[in-house]
Amino acid sequence: MIQRPYYTHHATVSAPDQPKWNIGRVVLAGDAAHGMPPFIGQGANQGLEDAAAIATLVAEINKQNQWDDITAIEAAFSRYEALRRPFVTYIQEETLIGKPFSSSDEKLQKYNQAVLSRNIGEIMQTLL
């Protein structure tokens, strides 16, 4: 086995020109939607946030009895992507360029505020 002193990860940062995360009733979540580099340990966390967003939307679809309304389902899953894509892009960018841990205290504090101080319940309510 050949060893090397570095690790490469082939994830790309989400961008608006990338394919949608949903078509009809099918929606992608976690690494299927947005590959997350392993360097800051956010992969599982972002997948769980995706699951929370999708569960919130599916519960609303059920509450409104919209199971046969493909337009409503697509609109709901598009809201999920509109909420999640900017945040996971931020996490990907910070991870791939080595921030926040190799940066100043101010940048680390900004990252911690953006990632660790979020209220998931409030964020999920914005989907409704």
Does Ile120 CD1 have over 12 foreign heavy atoms under 6.0 Å away?
yes

Check whether any side-chain heavy atom of Glu94 sits under 4.5 Å from a side-chain heavy atom of Val115, and report yes or no.
no

Distance check, rounded to the nearest 0.5 Å: Thr56 atom OG1 versus Gln125 atom CD?
7.5 Å

Can you tell me how far the NE2 atom of His34 sits from the CG atom of Asp31, to the nearest 0.5 Å?
7.5 Å

Do you know which two heavy atoms are closest between Ile23 and Glu74, and how far apart they sit?
C-OE2, 3.8 Å

Separation between CZ (Phe77) and CZ (Arg79), nearest 0.5 Å, reads 10.0 Å

Check: Gln46 main-chain N/O paired with Arg84 side-chain donor or acceptor under 3.5 Å:
yes

Residues Gly24 and Ile70: closest non-hydrogen pair is CA-CG2, 4.2 Å

Do Trp67 and Leu57 sit in the same hydrophobic cluster, where Ile, Leu, Val, Met, Phe, Trp and Tyr count as joined when their side-chain heavy atoms come under 4.5 Å apart?
yes

To the nearest 0.5 Å, what is the distance between NZ on Lys63 and CG on Leu128?
7.5 Å

So, for Trp21 and Ala33, which heavy atoms are closest and what is the spacing to 0.1 Å?
NE1-O, 3.3 Å

Closer than 3.5 angstrom, by distance alone: can the side chain of Gln66 be matched with the main-chain N or O of Ala72 as a donor-acceptor pair?
no

Side chain to side chain donor-acceptor pair (under 3.5 Å) with Arg25: which residues, sequence neighbours excluded?
none

Does atom CG (Asp68) have a neighbourhood of more than 12 heavy atoms from anything else shown, all under 6.0 Å?
no

Any link between Ile123 and Leu116 through a network of hydrophobic side chains (Ile, Leu, Val, Met, Phe, Trp, Tyr) touching at under 4.5 Å?
yes

Testing the basics here: between Gly30 and Asp50, what is the closest heavy-atom pair and its distance to 0.1 Å?
N-OD2, 2.7 Å

Keeping Gln92 on the side-chain end and Gly35 on the backbone end, is there a donor-acceptor pair under 3.5 Å?
yes

For a quick test of reading the model, state the closest non-hydrogen atom pair linking Ser78 to Lys20 and the distance between them.
OG-NZ, 4.3 Å

Separation between CG of Leu28 and CD of Glu81, rounded to the nearest 0.5 Å:
9.0 Å

Nearest heavy-atom approach of Ala29 to Tyr80 is CA-OH, 3.4 Å

So, does Asn112 use its side chain to make a donor-acceptor pair with the main chain of Ser117 at under 3.5 Å?
no

